[in-house]
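Only one structure is covered here, and it is reproduced in the block below.
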There are 2 protein chains.
Amino acid sequence: MLSQKTRYTIRALQHLADRWREGPVRLDAIASEQNIPRKFLTVILSEMVREGLVISHRGRDGGYELGLAPVDIRYGDIIRLTRGSLALVPCASRNAHEHCNNCLPEADCRLRGLMLTLRDETAAMLDRVSLADPIALEAAFVVEGEQG
Amino acid sequence: MLSQKTRYTIRALQHLADRWREGPVRLDAIASEQNIPRKFLTVILSEMVREGLVISHRGRDGGYELGLAPVDIRYGDIIRLTRGSLALVPCASRNAHEHCNNCLPEADCRLRGLMLTLRDETAAMLDRVSLADPIALEAAFVVEGEQG
DNA sequence: AGATAACTCTACTGATAAGATAGACAACGC
DNA sequence: GCGTTGTCTATCTTATCAGTAGAGTTATCT
């Protein structure tokens, strides 16, 4: 699961992407329109500023705007920044690799082999979609009763 | 990320799959060979028995064996059983759907649209692979320096 | 310059869940 | 009936997450 913080981050960035090149957007506007706790959002946006995805302007008429064009911010980037990894196990991460606890040697671990493949497919999908893309609000192929 | 418990579960089931039709395997054997804390494994295996994936035999020469043929236990099944969902957000789960906290109305949530698609692709992949399948220990296409 | 509207930073708190363990109990087989 | 093996429920500990507090910094307007 994505953490609440990651979800807030994505929604905040989407909000800014929708207002790209319209000047700084105030924190309070983002918080109220996106239904994100104000104080928590300050923490989130400050991190995004440090990462360079967002630019802030202080003082009167200040606020936030994206530091890159929406098309250059891919969902994969955001999740990697906030969650550290797209992988489902630490040992299958490509940029934040660590060994799992109480595991077998990595070379013998079949779970790892599977998770590496899965990570790559997930990354490929998330890196195809950017903040500039419209996203179908409902997946077109929802099948009633399917598992998941 | 998968929880430690889910990882232990998968490794334990793989262990049993590798010994399918060789008679019951004792808990201590699984624990030591798979490097899983013994007491924790009792909890895990008891749950699998309740779910029907594993059959237990008590007394002398007791132990555990799979309740279904390895080919009939797919990784997607195991993760759904232990984690509840394959989705990255609660509102994108197909069999354990719940609303996210502090979210926008679901119909307006672009994050949800994306996550629904991702969940379906993940599920498709995990449901193609069963405990009977050999798994490449390293994904063949690992690229040095790739992100993830 | 000063008031004010913004953002920034670090630390803290409270709640929850995860990982792991303990220990009494139940079945099985010789 | 005795040892072996699994079953169940409660508990402990620790880490993480969500969210808050509050003092500090910068920019703008007048």
Side-chain angles (χ1 to χ4, degrees), chain A residues 1-12 16 23-32 34-67 82-85 88-90 98 100-103, chain B residues 1-12 16 23-32 34-67 79 82-85 88-90 96 98 100-103:
Chain A
M1 288 276 173
L2 299 182
S3 67
Q4 185 74 315
K5 188 172 173 183
T6 297
R7 290 179 240 168
Y8 286 155
T9 303
I10 291 173
R11 300 221 320 273
L16 294 179
V25 182
R26 270 178 306 146
L27 188 140
D28 282 317
I30 305 172
S32 65
Q34 291 294 328
N35 195 22
I36 301 172
R38 191 199 124 82
K39 268 297 195 181
F40 201 16
L41 185 56
T42 67
V43 175
I44 289 168
L45 286 173
S46 294
E47 286 179 16
M48 288 299 102
V49 169
R50 263 177 255 134
E51 298 287 353
L53 262 67
V54 167
I55 293 172
S56 65
H57 303 273
R58 302 205 211 193
R60 231 211 181 96
D61 300 323
Y64 298 90
E65 61 184 320
L66 290 186
T82 58
R83 199 170 84 138
S85 171
L88 286 180
V89 292
E98 4 174 348
C100 299
N101 292 331
N102 286 358
C103 202
Chain B
M1 288 275 173
L2 299 180
S3 69
Q4 185 74 314
K5 188 171 174 184
T6 298
R7 290 180 240 167
Y8 287 154
T9 304
I10 291 172
R11 300 222 319 274
L16 294 178
V25 181
R26 269 178 305 146
L27 187 138
D28 281 318
I30 305 172
S32 65
Q34 290 293 329
N35 195 22
I36 300 172
R38 190 199 126 80
K39 268 298 194 182
F40 201 18
L41 185 57
T42 68
V43 175
I44 288 168
L45 286 173
S46 293
E47 285 181 16
M48 288 299 104
V49 169
R50 262 177 257 133
E51 298 287 353
L53 264 65
V54 167
I55 293 171
S56 66
H57 303 273
R58 302 205 212 193
R60 227 208 182 98
D61 301 323
Y64 299 90
E65 61 185 319
L66 290 186
I79 295 178
T82 58
R83 198 170 85 139
S85 171
L88 287 180
V89 291
E98 2 173 349
C100 299
N101 293 330
N102 286 357
C103 202

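The sequence lines fix the lettering, A, B, ..., with proteins before strands; numbering per chain opens at 1.
- A close approach under 4.0 Å does not occur between any side-chain nitrogen or oxygen of Arg60(B) and OP1 or OP2 of dA27(C).
- For the 3.5 Å distance criterion, the side chains of Thr6(B) and Ser3(B) qualify, holding a donor opposite an acceptor.
- For the pair Lys5(A) and Tyr64(B), both in contact range of DNA chain D, the more 5′-proximal nearest nucleotide belongs to Tyr64(B).
- Not one N or O on the side chain of Arg38(B) forms a donor-acceptor pair closer than 3.5 Å with the backbone of Ala31(B).
- Between the CD1 atom of Ile44(B) and the C1' atom of dT21(C) there is a distance of 13 Å, rounded to whole Å.
- Note that CG of Leu41(B) and CG of Leu27(B) are 4.5 Å apart. Values are rounded to the nearest 0.5 Å.
- Straight-line distance from the CD atom of Glu47(A) to the C1' atom of dC7(C): 15 Å, rounded to whole Å.
- Taking 4.0 angstrom as the limit, Tyr8(B) places a side-chain polar atom (N or O) nearer than this to OP1 or OP2 of dA20(C).
- Put simply, CE on Met1(B) is 15 Å from P on dA18(C), counting in whole angstrom units.
- Close to dA6(C), at under 4.0 Å from its OP1 or OP2, lies no side-chain N or O of Ser56(A).
- When rounded to the nearest whole Å, the span between CD of Gln4(A) and P of dA15(C) equals 18 Å.
- Between Phe40(B) atom CZ and dG19(C) atom P there is a gap of 6 Å when expressed in whole angstrom units.
- Nucleic acid contact for Asn101(A): none, since no nucleic acid atom lies under 4.0 Å from a heavy atom of the residue.
- In this structure, Arg58(A) does not reach the dT25(D) phosphate: none of its side-chain N or O atoms is under 4.0 Å from OP1 or OP2.
- Considering only the side chain of Thr42(A), dC9(C) comes nearest among dC9(C), dT21(C), dA18(D).
- Both Arg26(B) and Val43(B) lie near DNA chain D, and the one whose nearest nucleotide falls closer to the 5' end is Arg26(B).
- Here dA20(C) presents its C1' atom at 14 Å from CG of Asn35(B), a figure rounded to the nearest Å.
- A distance-only check finds no donor-acceptor pair linking the side chain of Arg7(A) to the backbone of Val89(B) [under 3.5 Å].
- A distance of 6.5 Å separates CG of Leu88(A) from CD1 of Ile79(B), quoted to the nearest 0.5 Å.
- An OP1 or OP2 oxygen of dG19(C) is reached within less than 4.0 angstrom by no side-chain nitrogen or oxygen of Asn102(A).
- Using a 4.0 Å heavy-atom cutoff across all strands shown, Arg38(B) reaches no nucleic acid atom at all.
- For the pair Ile36(A) CD1 and dT20(D) P, the interatomic distance rounds to 13 Å; values are reported in whole Å.
- Within 4.0 Å (heavy atoms only), Arg7(B) reaches no atom of the nucleic acid at all.
- Side-chain to base pairing of Lys39(B) with dG19(C): no donor and acceptor N or O lie closer than 3.5 Å to each other.
- The main-chain N or O of Gly63(A) is never found under 3.5 Å from a side-chain atom of Arg26(A) such that the two would form a donor-acceptor pair.
- The side chain of Ser46(A) places an N or O atom within less than 4.0 Å of a non-bridging phosphate oxygen (OP1 or OP2) of dT8(C).
- Leu41(A) has its CG atom 15 Å from the C1' atom of dC9(C), to the nearest Å.
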